[in-house]
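Okay, structure first, notes after.
In what follows, chains are A, B, ... by sequence order, proteins preceding strands, each numbered from 1. Worth saying up front: this structure is predicted, and the values here are computed from it rather than measured.
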Number of protein chains: 2
Amino acid sequence: MAEVARTAGVSTATAGRALGGYGSVSPEARTRVLAAAKELGYRRNDLARAVITGRSDTIGLVVADIDNPFFAAAVRGVSDAARAAGYEVLLANTDEDPHRERSAVDVLLARRVDGLIVAPTWGDPEHLQRAQRSGTPVVLLDRRIEGVDLDTVMVDNFEASRRAVAYLVDAGHRRIAMVTGGTRRSQVAPPGQRGVSTGRDRVEGFLRGAAEAGLQEPERYLRTAAGTPDLSQRATADLLAGHEPPTALFASDSRVALGAVKAIRQAGRTIPDHISLVAFDDADWTGVVTPTITVISQPAQALGRRAAEMLLERISGAQEEPREELLPTVFIERDSVAPCADDTRGA
Amino acid sequence: MAEVARTAGVSTATAGRALGGYGSVSPEARTRVLAAAKELGYRRNDLARAVITGRSDTIGLVVADIDNPFFAAAVRGVSDAARAAGYEVLLANTDEDPHRERSAVDVLLARRVDGLIVAPTWGDPEHLQRAQRSGTPVVLLDRRIEGVDLDTVMVDNFEASRRAVAYLVDAGHRRIAMVTGGTRRSQVAPPGQRGVSTGRDRVEGFLRGAAEAGLQEPERYLRTAAGTPDLSQRATADLLAGHEPPTALFASDSRVALGAVKAIRQAGRTIPDHISLVAFDDADWTGVVTPTITVISQPAQALGRRAAEMLLERISGAQEEPREELLPTVFIERDSVAPCADDTRGA
DNA sequence: GGTTCAGATGAGAACGTTATCACCACATCG
DNA sequence: CGATGTGGTGATAACGTTCTCATCTGAACC
């Protein structure tokens, strides 16, 4: 910059003003500086600027796995909203490992991000609260943490799941199973905080829906820790092979549904004749398989966008109470649910 | 840091050495500094460090759309390799807009990324060459640019496509269609550089395969500018409704395939009885639809990982000639291709 | 016992910006 | 005409680090 200033015949202060767009500069000085900068191939150093201003115009984004379609869409939403406001996005994956989440947050904080959007995984969220307290706003995406004062953008997983079960019950089903990832057993945490809120809420919605229908022992048909297609396939196969197999299945996300569909097919059963299926997430393929799958559609991209918007509000100094914002899900009826054909429905 | 130094009773220089892990510090001084830092809640400012060292330990990643499964996987690969080496990833989407690509590169350069991984879209690549020349290494991901000296990691799209067509020809098909996105018509660029190399190479592979089989006017069955499921669905419907409809279809990626499957189903045809299908990309759903889809599988995540590795080599000063690295595709035979049943196969 | 050398330390410069302040010229106003 | 702004400018401090250099200590070596 000093060289640009020299070439343009002004002080570095004036050159800085012309290049940085602050203060006031005469039109002629500005053009001279700009010309000199172009001639010399000058490129601004945003890092040095950030050191001075204390703002990096960057937000940190921490998700479990960008390669999961839900998060990919959410990241896209965050990215779009961020860029529209002149912010860049620093991305980190955790693979649901609390240790990686914590270290990712530490690194992003050291890089002086102006704010953080986190889809928190299961451990102690103290690092998130500390970040917020020390002046870096945090917005939770897709997952809430009880007893923590942070903005949160998500859907009503409990209610959506309860309704899905009610829908299956209305179709006459009584032996309704749920396959889900998330809720791990081998986990050290207070009971209320096990697993990820998304998984917990969906399981509780399932249990509530089952209870409301007076179903006996719904836990008998609940399979957790099946978060990948492969695990889900095995869990579903297990369910189908059991005594009094379920006549309907609720899959907690599209990857779980993928494994479930495979297992059902391999077991020689057909959807929806032998077993009905409802899944979370309107993945692209759910509309193209035979039969098409009835799903609870989540506005993944909009969730990301809203999270970014809320974060940007906080960054610009909004001081209201932390709020939990719920975006609506859409229940899309397709062809994977049929009335229960099983005579033993009373079982 | 000055306060930490004061608390620990050492100079800022020594505190810096203890905190920054450079130079040499006595064990006792180190422990005193670390204790003081912890007590004061000191958090290092990596931005200031980057200003001094000239290295930000950050790489910029520019792709068309993170919400596309191929790129999501590639980004994951880049991210993993980057983190393993202590680098962070700054992400940008272009939506295939050359203007956005250029401005994204400009912003990332201003943030002093140590290197760039770009899946280049169609316009003039001068900004990429300039970045490389001015000392920020650039690696091209998934797409090459002719006549440009940049490292590139991709697959052999031409050969994979040629083989896919040959496979269909071997099954007896003569009216083979291709639906693809990418190659736009309304584009201002020298003929050889229209569209994105991936799309061009696949089209040329298709044409070569057709030529080798002696097929007449293969262009008649070529539909470009159908990069989204919706556009692809329309293009496929159009093909099916035409005179002498194709008996086999080659879809240039999984999203195109999705639209094609929908169109085929809506037209009342079945795969593979009426029409065979081969698609690029082993999307998760291609193994679960009926019938399962025969695909050319790309190692998307490995492409990202290799791109990051090559970039890191350049960053650490490797000076060899730029190279183009091809990762192998895998042709996965499933159930969407059947021998041609059409009597008029000579047409 | 002097020379050499490595380890440890501090003072202060350096990195490339923005922030602060003082100053000037000039217009505006009463 | 003097007081009061206001836009433009430059010198220099400031940001929070790392880098450079000089100095000191003590051990090892012949």
Taking only side-chain N and O atoms of A:Tyr22, does any of them lie within less than 4.0 angstrom of OP1 or OP2 on D:dG8? no
Under 4.0 Å, counting only non-hydrogen atoms across every strand here, what does B:Ala2 touch: a base, just sugar-phosphate, or nothing? nothing
How close or far is atom C1' of C:dA8 from atom CZ of B:Arg32, stated in whole angstroms? 12 Å
Please determine, by modelled atom types, if A:Thr121 and A:Arg100 share a side-chain donor-acceptor pair under 3.5 angstrom. no
Phosphate contact (C:dT9 OP1 or OP2) by B:Thr14 side-chain N/O below 4.0 Å: no
Round to the nearest Å and state the distance from B:Tyr42 atom OH to D:dG16 atom P. 10 Å
B:Leu128 versus B:Leu150: any side-chain heavy-atom pair under 4.5 Å? yes
Output the rounded distance in Å from CZ (B:Arg6) to P (D:dG16). 13 Å
Selected nucleotide, minimal atom distance to A:Ser11 side chain, candidates D:dA11, C:dT17, D:dT17: D:dA11
Closest to the side chain of A:Ile52, out of C:dT18, C:dT9, D:dG10, is C:dT18
Gap between atoms CZ and C1', on B:Arg55 and D:dT18 respectively (whole Å): 13 Å
Rounded to whole Å, the CG-C1' distance (A:Leu47 to D:dG16) equals 12 Å
What's the CZ-P distance between A:Arg17 and C:dA19, to the nearest Å? 11 Å
Think B:Ser26 has a side-chain N or O under 4.0 angstrom from the OP1 or OP2 of C:dA8? no
So, does B:Ser24 get its side chain near the phosphate of C:dG7, meaning an N or O under 4.0 Å from OP1 or OP2? no
Between A:Glu325 and A:Arg306, does at least one N-O distance fall below 4.0 Å, as a salt bridge requires? yes
Of B:Arg30 and B:Arg112, the one whose nearest nucleotide on DNA chain C sits closer to the 5' end is B:Arg30
Taking the side chain of B:Ala29 as heavy atoms from C-beta outward, which of D:dG10, C:dT9, D:dG8 is closest to it? C:dT9
Do B:Val25 and B:Thr14 make a side-chain contact, defined as non-hydrogen atoms from C-beta onward lying under 4.5 Å apart? yes
Among C:dA19, C:dG10, D:dG10, which nucleotide has an atom closest to any side-chain atom of A:Thr53? C:dA19
Could you please name the option among D:dG10, C:dT17, D:dT17 that lies closest to any side-chain atom of A:Asn45? C:dT17
Taking atom types as modelled, find out whether A:Thr152 and A:Arg323 have a side-chain donor-acceptor pair closer than 3.5 angstrom. no
Taken to the nearest whole Å, CE/B:Met1 to P/D:dC15 is 13 Å
Take A:Thr12 and B:Ala48, find for each the nucleotide of DNA chain C with the closest heavy atom, and name the residue whose nucleotide sits nearer the 5' end. B:Ala48
State which of C:dT17, D:dG8, C:dC15 makes the closest approach to the side chain of A:Pro27. D:dG8
